[in-house]
Asker: 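Here you go, one structure.
Note that the numbering runs from 1 along the sequence shown for the chain.
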Amino acid sequence: MAKTVAPIGKRIRKRRTIPFNFGPAHMEYIRECRNCTFNILEGAVRSGKTVDNVFAFAHELKTAPDRIHLATGSTMANAKLNIGDANGFGLEYIFRGQCRWGKYKDNDCLIIKGPATGGLDKVVIFAGGAKADSYKKIRGNSYGMWIATEINLHHDNTIKEAFNRQLAAKRRKIFWDLNPEHPKAPIYTKYLDRYAAKAADGTLLGGYNYRHFNIFQNANIPKERLREIISQYDENSIWYIRDILGQRTAAEGLVYPKLAASIAAGDGKFMISADETIQMAKRARHTGIETALNPDGESLMAIYIGVDFGGNGSGHAFVATGLTGRHRKLIVLRSRRYAEGEPNPDHPREILRDIDPEQLNALFLQFVKGVLADYGFVTGVYADSAESVLIRGLRSALDRERLGQIRVANAWKSEIIDRIRAVTSLAARGRLFYTEDCRSFEEAVSMAVWNPKKTEPERLDDGTSDIDTLDAFEYSFEREIKSLLAVV
């Protein structure tokens with residue numbers, strides 16, 4: 001059979017409808033893109049994030065007053081594959097017959113011109129963004145809109161340069177997608193978390209359209225295929241939490257994998273309500289220590305506070321833990337971490353500055369009084385023995401408030417690996433719990449990882465995770481480890 005050959009110089013116009021199929025949450029996100037400058041999609045692999053953004057970007061492109069726009073990925077090939085092609089849902093298919101690949105100032109680009117754009121040229125430049133010098137490729141142009149896939153894999157130089165290149169945009173819009181990362185990854189701390197906070201208090205101009213999707217919200221994955229994908233994962237694993245549920249969590253070398261997986265999944269397996277623990281403390285006070293020691297009675301026999309002092313980039317941490325009768329359960333009742341340059345956990349809009357010994361004492365008293373108000377007693381305080389001057393300050397502060405009966409002693413600072421083993425053992429045996437008043441504790445155990453440069457087990461302490469809270473937590477119960485682990 002003879003092949004049909006198009007006349008030279010003519011475009012082949014193929015009539016074909018792209019089978020877009022968006023679920024309700026995806027449609028809501030796409031509609032909101034019309035009203036917002038910042039449009040961010042985060043979540044599971046194969047949850048439809050990139051296709052949503054490409055569709056919304058293409059719709060805006062049709063009427064955008066700016067001529068030149070930007071599309072980036074970790075590499076240029078990645079950008080062309082995920083944004084240009086997108087398995088038949090990309091820009092070159094949406095503008096089929098009205099676009100062609102070409103060059104613009106030595107940059108690969110997709111040039112779009114046709115009825116969809118009102119006969120006007122729209123140039124989308126494609127570039128990679130992962131390397132420290134990637135930003136040089138996008139210099140020299142002013143861009144209207146910017147779509148980026150896997151923004152978490154972009155170098156910060158690229159992100160800053162792209163923002164700078166949009167300053168003169170007539171319709172400035174940003175479309176980002178990303179798979180979940182470590183909760184303290186720079187893309188969160190430098191950008192998304194700040195945008196979310198500003199959007200919440202009304203100080204982020206332009207509108208913030210953020211959505212989180214899991215794989216179950218992708219209407220295009222048949223049920224059989226979904227079951228096949230899920231069957232490849234351990235539902236208790238971090239990879240299931242990340243890839244299927246799309247939650248933020250550290251992935252490799254976790255020190256407390258069981259706790260981290262539960263926290264990321266939000267299954268509440270290790271949660272106990274603060275109201276319940278307060279009632280446990282009341283039972284101990286009202287019925288006497290004999291009842292508190294009864295293994296059948298859920299009463300708090302002791303409450304200890306651990307203190308870790310900050311400095312040189314770390315923070316001051318306080319953690320209160322409770323022990324139930326016969327050492328059957330260890331419960332983290334309350335945790336707080338105060339670090340210079342970071343939000344005050346008690347007043348999030350306030351940034352902490354210059355925490356001197358006097359302010360440290362005030363924060364400590366605030367914590368102790370809060371525990372006393374809710375639980376009625378504090379058995380003892382164990383503080384980092386390396387800071388004897390600060391420990392004396394805590395004692396004096398308690399004396400001034402007529403709380404001198406609360407003894408402040410040096411922490412034992414036993415071997416860290418022994419403390420870690422105790423925590424993992426208690427968690428595995430269903431004997432470790434924490435209340436909803438332990439946000440810093442949740443974050444600390446979720447992000448703690450092993451030092452990859454050490455052959456012997458050593459917890460990584462390079463500022464990327466909250467070791468301060470973990471130390472304070474461990475100081476609070478380390479004297480009871482032998483008794484805790486002796487319980488069968």
Side-chain angles (χ1 to χ4, degrees), residues 277 281 284-285 289 292-293 300-311 314-327 329-338 355-423 426 432 434 438 440-441 444 466-486:
T277 58
R285 300 200 309 273
I289 193 65
L293 292 172
L300 291 179
M301 59 176 276
I303 295 176
Y304 298 109
I305 293 175
V307 179
D308 185 63
F309 299 111
S314 62
H316 303 288
F318 310 131
V319 177
T321 59
L323 287 169
T324 63
R326 301 281 177 89
H327 289 80
K329 292 179 182 176
L330 178 68
I331 304 173
V332 189
L333 304 174
R334 181 168 300 173
S335 71
R336 293 290 187 276
R337 179 177 181 270
Y338 303 92
I355 303 176
D356 58 22
E358 186 175 341
Q359 186 178 2
L360 173 63
N361 292 340
L363 292 171
F364 172 69
L365 284 173
Q366 175 182 289
F367 186 84
V368 171
K369 288 179 178 180
V371 173
L372 288 172
D374 287 339
Y375 293 95
F377 69 100
V378 171
T379 309
V381 176
Y382 300 116
D384 185 351
S385 57
E387 300 290 348
S388 57
V389 174
L390 295 180
I391 289 176
R392 286 199 295 272
L394 301 185
R395 289 172 179 150
S396 297
L398 289 171
D399 286 339
R400 287 195 297 272
E401 295 296 314
R402 297 184 178 180
L403 295 172
Q405 76 277 10
I406 298 176
R407 179 170 171 263
V408 181
N410 290 342
W412 278 1
K413 300 185 73 170
S414 54
E415 290 290 335
I416 295 175
I417 194 64
D418 292 338
R419 300 184 234 154
I420 291 172
R421 286 186 180 125
V423 173
L426 291 170
L432 174 67
Y434 61 90
C438 298
S440 60
F441 172 79
D466 177 8
I467 299 301
D468 313 314
T469 295
L470 294 177
D471 282 341
F473 164 56
E474 292 159 1
Y475 296 160
S476 72
F477 76 89
E478 63 180 338
R479 295 172 184 238
E480 307 291 341
I481 286 177
K482 187 174 181 180
S483 298
L484 282 163
L485 298 184

Asker: What I'd like to find out is whether the side chain of M301 reaches to under 4.5 Å of the side chain of R326, using heavy atoms alone.
Answerer: no
Asker: What's the spacing between D466 CG and S440 OG if we round to 0.5 Å?
Answerer: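 OG of S440 is found 6.5 Å from CG of D466.
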Asker: Determine whether L403 and L372 make a side-chain contact, defined as any pair of heavy atoms from C-beta on separated by less than 4.5 Å.
Answerer: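 Side-chain contact under 4.5 Å: yes.
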Asker: What closest approach, in Å, do A397 and N361 show between heavy atoms, and which atom pair accounts for it?
Answerer: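 Residues A397 and N361, closest heavy atoms: CB-CB, 4.0 Å.
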Asker: With a 4.5 Å cut-off on side-chain heavy atoms, are I355 and H316 touching?
Answerer: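 Result yes, sub-4.5 Å side-chain heavy-atom pair found.
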Asker: Quick one: are D471 and R419 in side-chain contact, heavy atoms under 4.5 Å?
Answerer: yes
Asker: If you count every heavy atom of other residues, nucleotides or ligands that lies below 6.0 Å from Q405 atom CD, does the total exceed 12?
Answerer: yes
Asker: Under 3.5 Å, is there a donor-acceptor pair between the side chain of S476 and the main chain of F473?
Answerer: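 Yes; judged by distance alone, with no hydrogens or angles, the pair exists.
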Asker: Got a second to check how far R400's CZ is from R395's CZ, nearest 0.5 Å?
Answerer: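 That separation rounds to 14.0 Å.
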Asker: How far apart are the closest heavy atoms of V332 and C438, and which atoms are they?
Answerer: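 Taking every non-hydrogen atom into account, O-SG, 3.3 Å.
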Asker: Quick check: closest heavy atoms across S335 and F441, and the distance to 0.1 Å?
Answerer: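 For S335 versus F441, the nearest heavy atoms are OG-N, 3.2 Å.
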Asker: Do D384 side-chain atoms and F309 backbone N/O form a donor-acceptor pair below 3.5 Å?
Answerer: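 Checked: no pair found.
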Asker: Of all heavy-atom pairs between Y475 and G306, which one has the smallest distance, and what is that distance?
Answerer: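 In this case the closest contact between Y475 and G306 is CB-CA, 4.3 Å.
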Asker: Minimum heavy-atom separation for A386 and K413, please, with both atom names.
Answerer: CB-NZ, 4.1 Å
Asker: What distance separates K482 NZ from D418 CG, expressed to the nearest 0.5 Å?
Answerer: 12.5 Å
Asker: Can you list everything that forms a salt bridge (Lys or Arg N to Asp or Glu O under 4.0 Å) with E401? Sequence neighbours excluded, please.
Answerer: K369
Asker: Can D308 and R337 be counted as an ion pair, charged N to O under 4.0 angstrom?
Answerer: no
Asker: Are any non-hydrogen side-chain atoms of F364 and L398 less than 4.5 angstrom apart?
Answerer: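 They are in side-chain contact.
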Asker: Let me confirm one number: the CG-CG distance from D399 to L394, rounded to the nearest 0.5 Å.
Answerer: 11.0 Å
Asker: Rounded to the nearest 0.5 Å, how far does NZ of K329 lie from CG of L300?
Answerer: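 Rounded to the nearest 0.5 Å, the CG-NZ separation comes out at 10.5 Å.
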Asker: Should L323 and L484 count as side-chain neighbours, where that means a heavy-atom distance under 4.5 Å?
Answerer: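 Yes - at least one pair of side-chain heavy atoms lies under 4.5 Å apart.
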Asker: Is the ring pair Y304/Y382 parallel, tilted or perpendicular, if the boundaries are 30 and 60 degrees?
Answerer: tilted
Asker: Can you find a heavy atom in the side chain of R334 that is under 4.5 Å from one in the side chain of D374?
Answerer: yes
Asker: Which residue is it: L333, T321, I331, T277? I am looking for the one with a side-chain contact (heavy atoms from CB on, under 4.5 Å) to I303.
Answerer: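 So, applying the side-chain contact (heavy atoms from CB on, under 4.5 Å) to I303 and each of L333, T321, I331, T277, only L333 qualifies.
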Asker: For the CD1 atom of I420 and the CG atom of L470, what is their distance to the nearest 0.5 Å?
Answerer: 8.0 Å
